[in-house]
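Have a look at the structure below, then the notes.
Computed from a predicted structure; not experimentally measured. Numbers here are sequence positions counted from 1.
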Amino acid sequence: MDLKGIMSIAGQKGLFKHISETKNGIIVESLEDKKRMPAYSTAKISALEDISIFTEDDDISLVDVFKKIHEKENGKPAINHKLPNEELKKYFAEALPEYDRDRVYISDIKKVLNWYNVLQKVDMLDFTEDNDSKEEDKKDVEEVKVVKKTLTKQNVKSKDIKKPKPIEPKAKEKHQRKKSF
């Protein structure tokens with residue numbers, strides 16, 4: 001699962017996908033209704049890939065929290081984030097028993113459950129690609145090893161590789177124009 005480009009904007013309902021950049025901010029698209037809008041640089045924007053949850057030992061990334069909820073629910077939606085606080089705390093403790101009860105507030109739990117349900121609704125909770133990307137990374141590492149072995153067999157050394165010449169600044173024109181104000 002990749003949360004790159006998925007963000008939450010303070011004061012706005014739901015999650016958004018980064019579309020493009022503007023002079024004063026970015027253009028985002030709502031994941032639920034696909035409407036586009038500008039998000040200005042003054043808005044508080046949080047990228048989901050940068051968020052982590054406090055645990056008693058160490059912080060855990062939001063992706064890993066979503067995986068635990070996904071496993072608990074067998075791929076189905078989580079409970080509604082508008083339920084009473086005690087039910088939400090109990091549910092979150094079942095999904096993530098090691099979360100720090102002093103530093104993770106009920107508002108954080110509500111956001112995580114709401115975000116999980118939004119991502120589940122738009123079918124963005126695919127955890128199988130993590131295994132595929134790990135296998136691809138292993139293949140890439142193996143290919144690099146093969147290339148290194150080939151280069152060492154050919155006795156190519158780093159000093160033998162020619163470095164590009166530095167770009168010299170252009171010569172000044174002989175006749176410079178007079179500046180007029």
For the hydrophobic clusters of this structure (ILVMFWY residues joined by side-chain heavy atoms under 4.5 Å, transitively), does one cluster hold both [X] and [Y]?
{"X": "Val104", "Y": "Ile106", "answer": "yes"}
{"X": "Leu15", "Y": "Met37", "answer": "no"}
{"X": "Ile9", "Y": "Ile6", "answer": "no"}
{"X": "Leu125", "Y": "Met7", "answer": "no"}

Would you mind reporting whether [Y] and [X] have side-chain heavy atoms less than 4.5 Å apart?
{"X": "Ile45", "Y": "Ile26", "value": "yes"}
{"X": "Leu31", "Y": "Leu119", "value": "yes"}
{"X": "Ile79", "Y": "Asn117", "value": "no"}
{"X": "Ile27", "Y": "Glu21", "value": "no"}
{"X": "Tyr99", "Y": "Ile60", "value": "no"}

#### Entry: Whether over 12 other heavy atoms sit under 6.0 Å from Lys110 NZ
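It does: Lys110 NZ has more than 12 such atoms within range.
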### Task
Mark yes when over 12 heavy atoms from residues, nucleotides or ligands other than Asp50 sit less than 6.0 Å from its CG; otherwise mark no.
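Counting other residues, nucleotides and ligands, CG of Asp50 exceeds 12 neighbours.
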### Message
side chain to side chain contact (heavy atoms under 4.5 Å, CB included), that's the test. Do Val28 and Ile19 meet it? Break it down for me.
### Response
CA-CA 5 Å; Val28 294; Ile19 300 298; 5.6 Å; no
#### Entry: Selection residues 4-55 - residue pairs positive for ring-ring contact (aromatic ring centres under 6.0 Å, His included), sequence neighbours left out
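Sorted result for residues 4-55: empty, none.
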### Message
Show the nearest heavy-atom pair for residues Ala78 and Tyr91, with the distance to one decimal.
### Response
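Where Ala78 meets Tyr91 most closely, the heavy atoms are CB-OH, 3.4 Å.
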### Task
Would you kindly check if the NZ (Lys) or CZ (Arg) of Arg103 is within the cone defined by 45 degrees around the ring axis of Tyr105 and under 6.0 Å from the six-membered ring centre?
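The answer is no; the distance or angle limit is not met.
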### Query
What distance do Glu87 atom CD and Asn80 atom CG have between them, rounded to the nearest 0.5 Å?
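Result: 10.0 Å between the selected atoms.
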### Query
Hey, is Lys4 close enough to Glu49 for a salt bridge, meaning N to O under 4.0 Å?
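A salt bridge is absent here (no side-chain N lies under 4.0 Å from a carboxylate O).
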### Query
So, Glu98 and Lys68, do they make that salt bridge, N to O below 4.0 Å?
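Salt bridge between Glu98 and Lys68, a charged N being under 4.0 Å from a carboxylate O: yes.
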### Message
Tell me every residue that passes salt bridge (Lys or Arg N to Asp or Glu O under 4.0 Å) with Lys72, counting only those two or more places apart in sequence or in another chain.
### Response
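Once residues adjacent in sequence are excluded, the partners of Lys72 under the salt bridge (Lys or Arg N to Asp or Glu O under 4.0 Å) criterion are Glu94.
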### Task
Could you walk me through whether Leu96 and Asp64 pass side chain to side chain contact (heavy atoms under 4.5 Å, CB included), step by step?
CA-CA 10 Å; Leu96 188 67; Asp64 294 333; over 6 Å; no
### Query
Going through the distances and angles, do Leu62 and Trp115 end up as a side chain to side chain contact (heavy atoms under 4.5 Å, CB included)?
CA-CA 10 Å; Leu62 192 59; Trp115 293 341; 3.8 Å; yes
### Task
Begin from the C-alpha positions of Glu29 and Lys35 and carry the test salt bridge (charged side-chain N to carboxylate O under 4.0 Å, His left out) through to its verdict.
CA-CA 5 Å; Glu29 180 179 78; Lys35 290 184 181 179; over 6 Å; no
